[in-house]
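Reviewing the structure listed below.
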Amino acid sequence: MTNVEVKNLHVNYGLIKAVKGISFSFKSGEITSLIGSNGAGKTTTLKALCGLLPHKGEILLNGEDIATLNAPDRLRKKIALCPEGRGIFPNLTVTENLMLGAYLQKSKDKIQHLIEQQFTMFSRLAERKDQLAGTLSGGEQQMLAISRALMSEPDMLLLDEPSLGLAPIIIEQIFQKFVDLKKTGLGVLVIEQNASLALEVSEKAYVLETGSITLEGRGEDLLHDKRVIDAYLS
């Protein structure tokens, strides 16, 4: 089992304290959600975990502090990010986008195997494997972004606003994939403005407000917490 403990994480933008000493944890085989409004520090937190922003504090991966590692080395430690806005390469095909997700992998046979795995999980991508990514629908682009992150065979998948801009039926389908992935042993940390759906599928959840964690608990419990309902679900 893989376990990540974040202790006293601080991230500053100049004089602005974006993340103010938060501590939380997540582990393999579970979905953990981090909910909050715009500007709460959710994206900043994920970027810090992946080594994309300078930060202070400890990030313990099975007890080993990886806070000093750069982004590629954290990816080698099996922590992958699916960024907000998808970040796909529109002028490359679906298959080429997936290949970029496996850039740490040297074996062509293994890369092909990983691609086939993604096409099995997201059959719609298989149907569009030679299509330019920029011509995909929003939902298909989100599927591609998730698949590209999975090409690195992560133990922990970090997802930044995966439902943003998608139709409700597509959102339901994508969140079901997260539940399926969890059952394979993958750990999922998702930040999401769609608080209701995130809490429904999460074993554990945290509420982030202006850079601080104000509530934490089981997803099901927070789903029925009056403070959460008033702030995010009403």
Heavy-atom side-chain contact between L150 and L181 under 4.5 Å: yes

Partner residues of D225 under the salt bridge (charged side-chain N to carboxylate O under 4.0 Å, His left out) criterion, sequence neighbours left out: R227

Donor-acceptor side-chain pairing of N8 and H10 below 3.5 angstrom: yes

Heavy-atom closest pair, residues L199 and A205: CD2-CB, 3.4 Å

Intermediate values then yes/no, side-chain contact (heavy atoms from CB on, under 4.5 Å), E153 and Q105: CA-CA 10 Å; E153 297 186 284; Q105 179 59 249; 4.2 Å; yes

Distance in Å, L34 CG paired with E216 CD, rounded so as to fall on 0.5 Å steps: 11.0 Å

Residue pairs, two or more places apart or on separate chains, that pass ring-ring contact (aromatic ring centres under 6.0 Å, His included) and touch residues 172-221: F24-Y206, F175-F178

Non-neighbouring partners of K56 that pass salt bridge (charged side-chain N to carboxylate O under 4.0 Å, His left out), sequence neighbours left out: none

Contact summary for A67 and G57, nearest pair of heavy atoms: CB-O, 3.6 Å

Closest non-hydrogen atom pair between S25 and T32, with its separation: O-CG2, 4.0 Å

Check: E192 and P162 side chains under 4.5 Å, non-hydrogen atoms: yes

Non-hydrogen side-chain atoms of P154 and I79 separated by less than 4.5 Å: no

Verdict with supporting geometry, K27 and E5, salt bridge (charged side-chain N to carboxylate O under 4.0 Å, His left out): CA-CA 9 Å; K27 63 184 179 180; E5 292 181 83; over 6 Å; no

Trace of the side-chain contact (heavy atoms from CB on, under 4.5 Å) decision for L46 with T43: CA-CA 5 Å; L46 284 201; T43 293; 5.8 Å; no

Same apolar cluster (I L V M F W Y, side chains within < 4.5 Å links), M121/M143: yes

Value rounded to 0.5 Å, distance of OG in S202 from CG in D221: 12.0 Å

Contact summary for L223 and S196, nearest pair of heavy atoms: CD1-O, 3.7 Å

Pairs involving residues 58-72, ordered by first then second residue, that meet salt bridge (Lys or Arg N to Asp or Glu O under 4.0 Å) (sequence neighbours left out): E64-K77

L61 with L189, same ILVMFWY side-chain cluster at under 4.5 Å: yes

Summary of ring-ring contact (aromatic ring centres under 6.0 Å, His included) pairs that have at least one residue in residues 102-138, sequence neighbours excluded: none

Side-chain donor/acceptor of R148 to backbone N/O of C82, under 3.5 Å: no

Minimum heavy-atom distance between K42 and N38, given as atom pair plus value: NZ-N, 4.3 Å

Set of residues satisfying side chain to side chain contact (heavy atoms under 4.5 Å, CB included) with respect to L52, sequence neighbours excluded: K47, C50, A71, L81

With sequence neighbours excluded, residues passing side chain to side chain contact (heavy atoms under 4.5 Å, CB included) with Q131: R128, T135, L136

Nearest-0.5 Å distance that lies between atom NZ in K108 and atom NZ in K106: 12.5 Å

Candidate pair S163 and N194, rule side chain to side chain donor-acceptor pair (under 3.5 Å), full reasoning: CA-CA 7 Å; S163 76; N194 188 331; 4.5 Å; no

hydrophobic_cluster_shared for I59 and L69, side chain cutoff 4.5 Å: yes

A198 to I35 - nearest heavy-atom pair and separation: CB-CG2, 4.3 Å

Test side-chain contact (heavy atoms from CB on, under 4.5 Å) applied to I146 and L159, step by step: CA-CA 8 Å; I146 294 165; L159 296 146; 4.0 Å; yes

Polar side chain donor-acceptor pair, T2 to S28, under 3.5 angstrom: no

side-chain hydrogen bond (donor to acceptor under 3.5 Å, both in side chains) partners of residues 164-188, not counting sequence neighbours, each pair once: Q176-D180, K182-E203

Shared hydrophobic cluster for L233 and I191 (ILVMFWY, side-chain gaps under 4.5 Å): no

Worked verdict on L166 versus I174 for side-chain contact (heavy atoms from CB on, under 4.5 Å): CA-CA 10 Å; L166 300 183; I174 285 176; 3.7 Å; yes

Flag side-chain contact, heavy atom, 4.5 Å: L186 against D155: no

V228 and L215, any side-chain heavy atoms less than 4.5 Å apart: yes

Residues in salt bridge (charged side-chain N to carboxylate O under 4.0 Å, His left out) contact with R124, at least two apart in sequence or another chain: none

Same apolar cluster: L158 and V179, side chain cutoff 4.5 Å: no

Report all side-chain donor-acceptor pairs from residues 13-22 shorter than 3.5 Å, counting only partners two or more places apart or in another chain.
| unit_1 | atom_1 | unit_2 | atom_2 | d |
| --- | --- | --- | --- | --- |
| Y13 | OH | T44 | OG1 | 2.8 |
| K20 | NZ | T210 | O | 3.1 |

Flag, side chain of Q141 to backbone of I88, donor-acceptor distance under 3.5 Å: no

Validation row: V11, P54 side chains within 4.5 angstrom (heavy atoms): no

Heavy-atom neighbours of M151 CE exceed 12 at 6.0 Å: yes

Distance, nearest 0.5 Å, that separates OG1 of T120 from CD of E116: 6.5 Å

D130 and V94, any side-chain heavy atoms less than 4.5 Å apart: no

Side-chain heavy atoms of I31 within contact of V190, under 4.5 Å: yes

With D230 via salt bridge (charged side-chain N to carboxylate O under 4.0 Å, His left out) - residues at least two apart: K226

For E96, all residues meeting side-chain hydrogen bond (donor to acceptor under 3.5 Å, both in side chains), sequence neighbours excluded: T93

From E161 atom CD to Q142 atom CD, the distance as rounded to the nearest 0.5 Å: 10.0 Å

Atom pair CE/CD of M156 and E30 - distance to nearest 0.5 Å: 9.0 Å

Whether over 12 other heavy atoms sit under 6.0 Å from K78 NZ: yes

